[in-house]
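Worksheet: one structure, shown below.
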Amino acid sequence: SSSTTTSASGDGEKPLTLGFVNGNTIEFHTCLQRSMEARAKTAGVTLLTSNSAMDPAKELSNIDDMIAKQVDAIIVQTVNIDSLEGGIARANRAKIPIFLTSVASVDQSKILGAVITDVVKVGRELGEWLVKDNAGAAADVAVIGGAPGAAADLMNNAFKKALTGGPRIVFDQPAFWQRAKAQDVAENLLQAHPKIKYVFVHNEDMALGVLAAFKAAGRTDIKILTNGGSPAGIDAVRSGEFAVTVSNTPKSVGEMAIDDTVGLLQKKEGVKKIATVSDMLITRDNADQAPPYCS
Amino acid sequence: MNAVPQARPAAALELTGVSKSFGGAAALREVGFSLLPGEIHALAGINGAGKSTLVKIMSGALSPDGGHLLIAGHAHSALTPRRARALGVSIVHQHRTLVPQLTVAENLFLGRLPTRAGRVDWRAARAQAARALADLGVEVPATAIAADLGPAEQTLVEIAREIQVGGRVLILDEPTATLGGADAARVHRIVRTLSARGIAVVYISHHLDEVLDLADRVTVLRDGRHVLTASTAETDLPSLVRAMTGDRLAETRPRTARTPGRAVLELRDLSAGPRLAGLSLTVRAGEVVAVLGCAGDGQTQLFPLLSGLRRPSGGDVLVGGGRVPPGSVTAALAAGLRCVTGERLTYGLVPGLTVDENLDLTGRGLRRPWSVRWRRMHREAAGARTRFGVTTIRPDPPVATLSGGNQQKVLLARWLDRDVTACLLEEPTNGVDVAAKADIHRLIDGLAARGAAVLLASADVDEVLRLADRVLVVRSGRTVADLPADRVSRDDLVSLSVGGTAS
Amino acid sequence: MTTAAHPRRRTIGAALPPGLVRHGGVLGVLLLIAVFTTSRSDVFLTAPNLLNVSRQIAVVAVLAAGLTLLMTAGGIDFSLGAIAAVTHGVTAQLIVAGVADWAAVALALTLGAAIGLVNGTVVTVFRVTPFVATLASSTILTGVALLVIGGQSISIGEHLGGLGFGELLGVPVLIVIAAAVCLAVGLAMRWSAFGRNAFAIGGNENAARLSGIPVVRTKLLLYTLGGLLAGLGGVMLVARLGAASPGTGGLHLELTVVAAVVIGGTALHGGSGTLVGTILGVLLLGVVANSLNLLQINPYFQDVALGTVLMVAAVANHLRSRRH
Amino acid sequence: MTTAAHPRRRTIGAALPPGLVRHGGVLGVLLLIAVFTTSRSDVFLTAPNLLNVSRQIAVVAVLAAGLTLLMTAGGIDFSLGAIAAVTHGVTAQLIVAGVADWAAVALALTLGAAIGLVNGTVVTVFRVTPFVATLASSTILTGVALLVIGGQSISIGEHLGGLGFGELLGVPVLIVIAAAVCLAVGLAMRWSAFGRNAFAIGGNENAARLSGIPVVRTKLLLYTLGGLLAGLGGVMLVARLGAASPGTGGLHLELTVVAAVVIGGTALHGGSGTLVGTILGVLLLGVVANSLNLLQINPYFQDVALGTVLMVAAVANHLRSRRH
Ligand SMILES: Nc1ncnc2c1ncn2[C@@H]1O[C@H](COP(=O)(O)OP(=O)(O)OP(=O)(O)O)[C@@H](O)[C@H]1O
Ligand SMILES: Nc1ncnc2c1ncn2[C@@H]1O[C@H](COP(=O)(O)OP(=O)(O)OP(=O)(O)O)[C@@H](O)[C@H]1O
Ligand SMILES: O[C@@H]1[C@H](O)[C@H](O)CO[C@H]1O
Ligand SMILES: [Mg+2]
Ligand SMILES: [Mg+2]
């Protein structure tokens, strides 16, 4: 903490204070915040945090509160893609820059920068992996999704588009990001389509619920494709329970967010305004090279 | 326009062939009824005869299954309370219909608060309410909350409300059931005044003296059928009773002399709030002691205090010489105290449960068994129903669907159909018909004969004379007189209960 | 003696806003939190922060006002949050489709009122318990809200900016609207026959019906008004957020509104309620949320803290009312 | 004649589960959905799928049974879902910490009961409205549940597998437990003094107290039982999932449970309720969820479909009961 950083305003002595508005309290968000806190500490930056608990209106209130606290910049892990127009407008008016994590599909002139995860790419990569794995042959494929809406839809559509040739989607139902619900839906899936060969589950927590259902039914033949990169997910891939997952870890997102925000505020050279967090397709073969998920 | 002058004036309200049944059981069968302008028309009949049902139909609260209803000569098929009011028919129901959380003033103007420029004129409402209450001699502040009033005061407020509405027909369903002599007299005066102004009054009461004294005509219902309509000048009490009960005669056997034993129930300096300041009294085994007092004079506090619902601020209750721990229902019950409320629906019965289960509740509370044996419950309840004359038109209906008097009998049967050491009876014959009233009086005689100490809080002077060995008069929560019953006259009691002195 | 005491009671009751005396519990907890937060954060008691808090609670206040009136009459509407979600989506879609701002707002309000009317009809005509009926319609409307915006965020750009960010004599328009709604509802509850009928219906519906109060009509109107205000809340949401998006309004908002109203002392079974209490409840929730942020309480502890405050306020409320 | 009819009626009343007759509405809607789904999916009416459905509703049934009894007594517990969330987390953490399975389960059940007892105490001793008190404790417990698992999934591996996946004479253990709980509660509601006292308290608390029924003790017991069953639900959740994870239980579960109970005809204000109705309500919700999947209903329409079913059942329920 002896290292002093200069603030964007050029006031040489005052250390930076950043505000982080988190979107939820599940594992991803917990790790995201932890990695940011760790990185902020080493960078000598003060990090104030708040949480919107999936409520866009609360998100705006949190941004308001950060503005009231006169932070140097606000980092937002938004609840929904694009929902924070009002928040951005408000921050702009107060002349406090905003930095986004995970998404950046708003007018980019109004934000300081962003670290994005490309969900379209994730969906596409998984779809392509499936086609390759099945060698283009016919196969029944199911999707167990998150909540209907932007992020899940983007990933889903990309996945479907990538399924060229034989594989066809015979089941596509939501489990609302709940592990227990995913288990129920997977059970119903087994009833409706026992011949299913692949299941794409939108996150690893739900995928673990799906796995529990499959195990209970003695079905080890169905390949589970998912997204996350959490320790539990990587373990499942390593043991063959998941066929494949995509690692785009909150640790990388959080660290990049702090680095880039500080860099952009201090107008450092070579800091990209919009950076994409590198993701990695993880199968049994490369499970040991999976990046750490949490700080 | 009418060429032919009619022999009698057009009826203010007329029913022909009205029937009504509840779940297949008939409460009214082809009843006809005609109410003349300015007359006081009493409706009589034993509990469950259909009186309340009939007046509910007149006032639009219930719609009949068949028959016709004419108000001032016009037929009305889809009458609602709202329409009935607009047509000048107002009613005071047997079950109180005040809004408990609102003030007396607001209750008086329910649905028609005075407004000025679209906003409620509270000042006017209070002033008008105060005037209306003063007119009737009701000493209730217009700003009091309805829930804080006693039953008598609530009744008077309701009567005041309906009179305020005005109109040509006023229906009173047992207005005096919970009123003491003075309040009842006040109601009678009001009714006579209104009738003199040309308002027709339908008056339901089980006090047959009252009926004969007050009404011009009387109609008797039995088992939902019209039995007779007669001028009160041409009928007398025995024939009225016969018409009501059919074969079953209401005997009013003179009471037997009692010889009280040792002191069983003692109150020592019992105090609670401003209304009860150091009340002391003793009731001995086999003795019936009546407490008389104006509404709000402290005797209304006896029920919450003796039952353990409320903790007194001072003083003791003793049963059989032992002090009953205050403020505990369980302790009161364990001591052998049985308190029968005068507000059966608030503190007595569980309306949604059936008659038999309500009867079983007391035993369950006392014995605390693990299980409920339905068969045995029904068997025991059948006996209690017979003994207390509970009649229902369906096998074991929810208590809520019983007529008022039958509910009262269920309440009494619950508490008195077993061994009793000492009991408090609040208005035990509230809403009970003549025949049943005599039965209940005999039951209370029996209770005393078996050595129970009976404390009676009744506003019914005749009942007090019929039952009590001693009469205590309380004022501001203190005993001001303790008189042997055989040395006071009816007039003395009436005068005492309104705050006068015995002659 | 007893009678002498009455006139005194009367004067005090009339002079003090009905309810302030009754809400010692909530008021006490509110002050306590304010004092504590002020002592720990110099931002709390600044004008910008207080404006912040009031802007944040404006929508909740509008919905809570409608619910207070409805609950006083013994009703309940669990779908208000979902109605707001639907109307916020509809407003955005209409604006994106080129409808004039004012027309979009008018349509959204009408839609809210219409949904309220449907709820009211189910409750009065089919006599479904209000809780059940509105729980069902809340579920339906949550789906509809999602369908309306196609599960995506719909930006309205600079539209409705005057509503969302404008000021009137230095006071944000959102706050002005919320204050106006609260004032109107508060006055209606005290001074209008409609409002008093709501009390009578909630206190004893049978008595109300028997005294000729148009019970069905009043209830329909109350649900319609609730829907209308929820519709207004939806419009305020989209104006403030600058976009309609999944998850806005709905259950979150609903639970906040219900919590504010009940903590404000309105009885679930009807017959009593004050807008003052509701406003205190709304304020309490808003101040707590703000304080949790200012004091940097760990998000995991925020629910615990909020719940504890609610519990303490409820218990304090009770202790106060007993002493009376 | 009338008296002769009495014994007959009474016998019928005792022979038929009290309530089946009253629930024509829910039963009708349930059958309708079953017929419709069967006509569109040949899987629906197969034994494996029906077992599937019953396994899925087991947890809801256990919580709903407790809530039915509690609501009959005029209580409500909005925190049951949150209690389940806490106990499911605690069970997982204990097992991970090396505590024996049975001991972890016993501790979780005890914890659930203890939380219920606290709720009951707040409601009876401090006389806070049950809805308000349990809404507050639900908020607290939601935070606690997150804290317990640190916001992360906690896997229990093969532990509690016998509970989560085992079978007893071919019937999944989860179903056996749920059936046993429902049977016990159903019998208690009809045949035990405790259960009947709940009806009396819900019907008229004053009258019940004056009859010598131990009102406070009964209520405390009811809340404790509710908490215990919610604790059991939490254990069942973690056994079935093989892990504790954020978002399990909580508000989702709570609303499902409340919806099942109220759609089953238990009055919110107490005094009446049947376990048969609740079971029908639970079944209805389970069958709808299953049908939505089997029939591949568009995700965007699922809430609309569920809400519509609830609304139709509520209205149908009412129409049936009117004809009676
Ligand atoms: N809502 C109802 N549901 C079912 N039965 C009812 C209902 N109301 C009245 N009854 C039945 O109809 C019959 C007539 O009742 P009603 O109240 O008219 O009697 P009543 O003459 O007023 O008796 P009381 O003198 O005891 O007040 C009774 O047997 C009663 O049980
Ligand atoms: N709902 C209840 N739960 C538990 N105990 C109760 C309940 N209602 C009443 N009691 C018991 O009955 C006693 C009397 O309660 P009540 O509120 O009527 O008396 P109070 O507060 O002394 O009356 P007041 O303030 O009007 O003088 C209480 O002390 C309490 O022990
Ligand atoms: O007897 C009643 C009640 O028991 C109440 O507690 C007070 O008012 C009296 O009239
Ligand atoms: Mg009657
Ligand atoms: Mg009667």
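Below, chain A is the first sequence line, B the second, and so on; all start at residue 1.
- For E187(A), the parts lying near chain D are the backbone and the side chain together; criterion is any non-hydrogen pair under 4.5 Å.
- The contact between I297(D) and chain A is made entirely by backbone atoms, counting heavy-atom distances below 4.5 Å.
- A distance of 13.0 Å separates OG of S245(D) from CD of E204(A), quoted to the nearest 0.5 Å.
- Both the backbone and the side chain of D184(A) come within less than 4.5 Å of a heavy atom in chain D.
- Side chains of Q152(D) and S230(A) form no contact here, defined as non-hydrogen atoms less than 4.5 Å apart.
- For R55(D), the part lying near chain A is the side chain, with the backbone staying farther off; criterion is any non-hydrogen pair under 4.5 Å.
- Using a 4.5 Å cut-off between heavy atoms, T248(D) contacts chain A through its side chain alone, with no backbone atom that close.
- The shortest heavy-atom contact between L294(D) and A192(A) is CD2-CB, 3.5 Å.
- Closest of all the heavy-atom pairs between R240(D) and A180(A) is NH2-O, 4.4 Å.
- Contact detail for A212(A) and F165(D): the closest heavy-atom pair is O-CE2, 3.9 Å.
- The minimum heavy-atom distance between Q296(D) and F171(A), with the atom names listed, is NE2-CA, 2.6 Å.
- For the pair G209(A) and L241(D), the tightest heavy-atom approach, listed with the atom from each and the gap, is CA-CD2, 4.4 Å.
- Most heavy-atom pairs under 4.5 Å with chain A, from the set G242(D), P48(D), G161(D): that is P48(D).
- Residue Q173(A) comes nearest to P299(D) through the heavy atom pair NE2-CD, 4.4 Å, listed as atom of the first residue, atom of the second, then distance.
- Between Q56(D) and Q183(A), every side-chain heavy-atom pair lies at or beyond the 4.5 Å cut-off.
- With a threshold of 4.5 angstrom between heavy atoms, A216(A) approaches chain D through its backbone and through its side chain.
- Contact annotation: the side chain of R179(A) never approaches that of P246(D) to less than 4.5 Å [non-hydrogen atoms, C-beta and beyond].
- By the 6.0 Å contact criterion, CZ on R40(D) is open, its count of non-hydrogen atoms from other residues, nucleotides or ligands being 12 or less.
- Here L208(A) contributes atom CG and S155(D) contributes atom OG; the two are 7.5 Å apart, rounded to the nearest 0.5 Å.
- Annotation: side chain of N188(A) is in contact with side chain of N52(D) (closest heavy-atom distance under 4.5 Å).
- With a threshold of 4.5 angstrom between heavy atoms, D153(A) approaches chain D through side-chain atoms but not through N, CA, C or O.
- Heavy-atom contacts from other residues, nucleotides or ligands closer than 6.0 Å to CD of E158(D) number 12 or fewer.
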